[in-house]
Amino acid sequence: MANAGLQLLGFILAFLGWIGCIVSTALPQWKIYSYAGDNIVTAQAIYEGLWMSCVSQSTGQIQCKVFDSLLNLNSTLQATRALMVIGILLGLIAIFVSTIGMKCMKCLEDDEVQKMRMAVIGGVIFLISGLAILVATAWYGNRIVQEFYDPMTPVNARYEFGQALFTGWAAASLCLLGGALLCCSCPRKTTSYPTPRPYPKPTPSSGKDYV
């Protein structure tokens, strides 16, 4: 029963991480304009995501522009896009696979070992998905730090971490933790002993054998 609860907890955490990955990929606040320097304009907020760049006015009006050319983007943005999409697709596969291996489901009830192996395989896929998300967000965040401290970058062109980046880090952590908990349900090898042979029962002797 405890193993079933551990499976359910791992699946819920990994599923929440997968949802967070989708939210992080869709949000445009991957990097936000840094209000550092002498010329500070607080009437508008500038932020950029994986698919578009937006400007939010103090009046509440938001204007967004989708990136026109895919080939014109820098390599970091292209790699981050690819890794996030891969993480989402792997998470979707892991959900279907681990659902089959959950003890609360009716699938593969006849084969307990195979059922537990499916849960472990789903956990491994969740781990790979979490690693892809973690690499993507860490790579993008490292690029923001390099550009921020680069002396060649103008002060009015520096950005800081956005909310979507923190959401991606949290999503990666949940996927890794949930996948690890699912992998804990690995079937243990049981030592098989040969079945003992019953001793032959002695046949009762009758008095007819003697003359």
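Since the structure is predicted, the reported quantities are computational estimates derived from the model, not experimental observations.
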Decide yes or no for Glu160 and Ile32: does some side-chain heavy atom of the first lie under 4.5 Å from some side-chain heavy atom of the second?
no
same_hphob_cluster(Val135, Leu165) at 4.5 Å side-chain heavy-atom cutoff
no
Does any N or O in the side chain of Gln78 come within less than 3.5 Å of the main-chain N or O of Leu73, such that one atom is a donor and the other an acceptor?
yes
d(Ile19 CD1, Thr167 OG1) to nearest 0.5 Å is 13.0 Å
If you apply the rule side-chain contact (heavy atoms from CB on, under 4.5 Å), what do you find for Trp51 with Arg81, and how did you get there?
CA-CA 8 Å; Trp51 315 99; Arg81 276 185 176 183; 3.4 Å; yes
Any idea how Phe15 and Trp18 line up, ring-wise: parallel (<30°), tilted (30 to 60°), or perpendicular (>60°)?
tilted
Per side chain to side chain contact (heavy atoms under 4.5 Å, CB included), Lys31 is matched among Phe161, Tyr140, Tyr47 by Tyr140
What I'd like to find out is whether the side chain of Met84 reaches to under 4.5 Å of the side chain of Ile133, using heavy atoms alone.
yes
Closest approach of Ala14 to Cys175 (non-hydrogen atoms, all atoms of both residues)
O-SG, 3.8 Å
Report the distance from atom CG of Leu16 to atom OG of Ser173, rounding to the nearest 0.5 Å.
13.0 Å
side-chain contact (heavy atoms from CB on, under 4.5 Å) between Trp30 and Ser24, intermediate numbers included
CA-CA 8 Å; Trp30 276 67; Ser24 175; 3.5 Å; yes
Heavy-atom pair with the smallest gap, counting every atom of Thr76 and Thr80
O-OG1, 2.7 Å
Closest contact, heavy atoms only, Gly17 versus Leu174
CA-CB, 3.7 Å
Test Val97 against every option in Ile100, Ile95, Ile93 by the side chain to side chain contact (heavy atoms under 4.5 Å, CB included) rule and name the one that passes.
Ile93
Nearest 0.5 Å please: distance from the CZ atom of Phe148 over to the CD1 atom of Ile144.
11.0 Å
Would you indicate whether the side-chain heavy atoms of Ile46 and Ser53 approach each other to under 4.5 Å?
no
Nearest heavy-atom neighbours spanning Met52 and Val66
CB-CA, 3.9 Å
How long is the straight-line distance from SG of Cys21 back to CD1 of Ile86, given to the nearest 0.5 Å?
11.0 Å
Gly91 versus Ser129, closest heavy-atom pair with distance:
N-OG, 3.8 Å
Within the 4.5 Å heavy-atom criterion, are Phe126 and Leu176 side-chain neighbours or not?
no
Report yes if the side chains of Leu127 and Leu131 come closer than 4.5 Å at any heavy-atom pair, otherwise no.
no
State plainly whether one hydrophobic cluster holds both Leu83 and Phe166, where clusters connect Ile, Leu, Val, Met, Phe, Trp and Tyr through side-chain heavy atoms under 4.5 angstrom apart.
no
Is it true that Cys64 and Cys54 have SG atoms closer together than 2.5 Å?
yes
Hphob cluster co-occupancy, Leu134 + Trp139, side-chain heavy atoms under 4.5 angstrom
no
Hydrophobic clustering (ILVMFWY, side-chain heavy atoms < 4.5 Å, transitive) - are Leu177 and Ile22 grouped together?
yes
Passes side-chain contact (heavy atoms from CB on, under 4.5 Å), Asn74 versus Leu77? Steps please.
CA-CA 6 Å; Asn74 57 70; Leu77 186 57; 3.4 Å; yes
Of all heavy-atom pairs between Ser98 and Leu182, which one has the smallest distance, and what is that distance?
CB-CD1, 4.0 Å
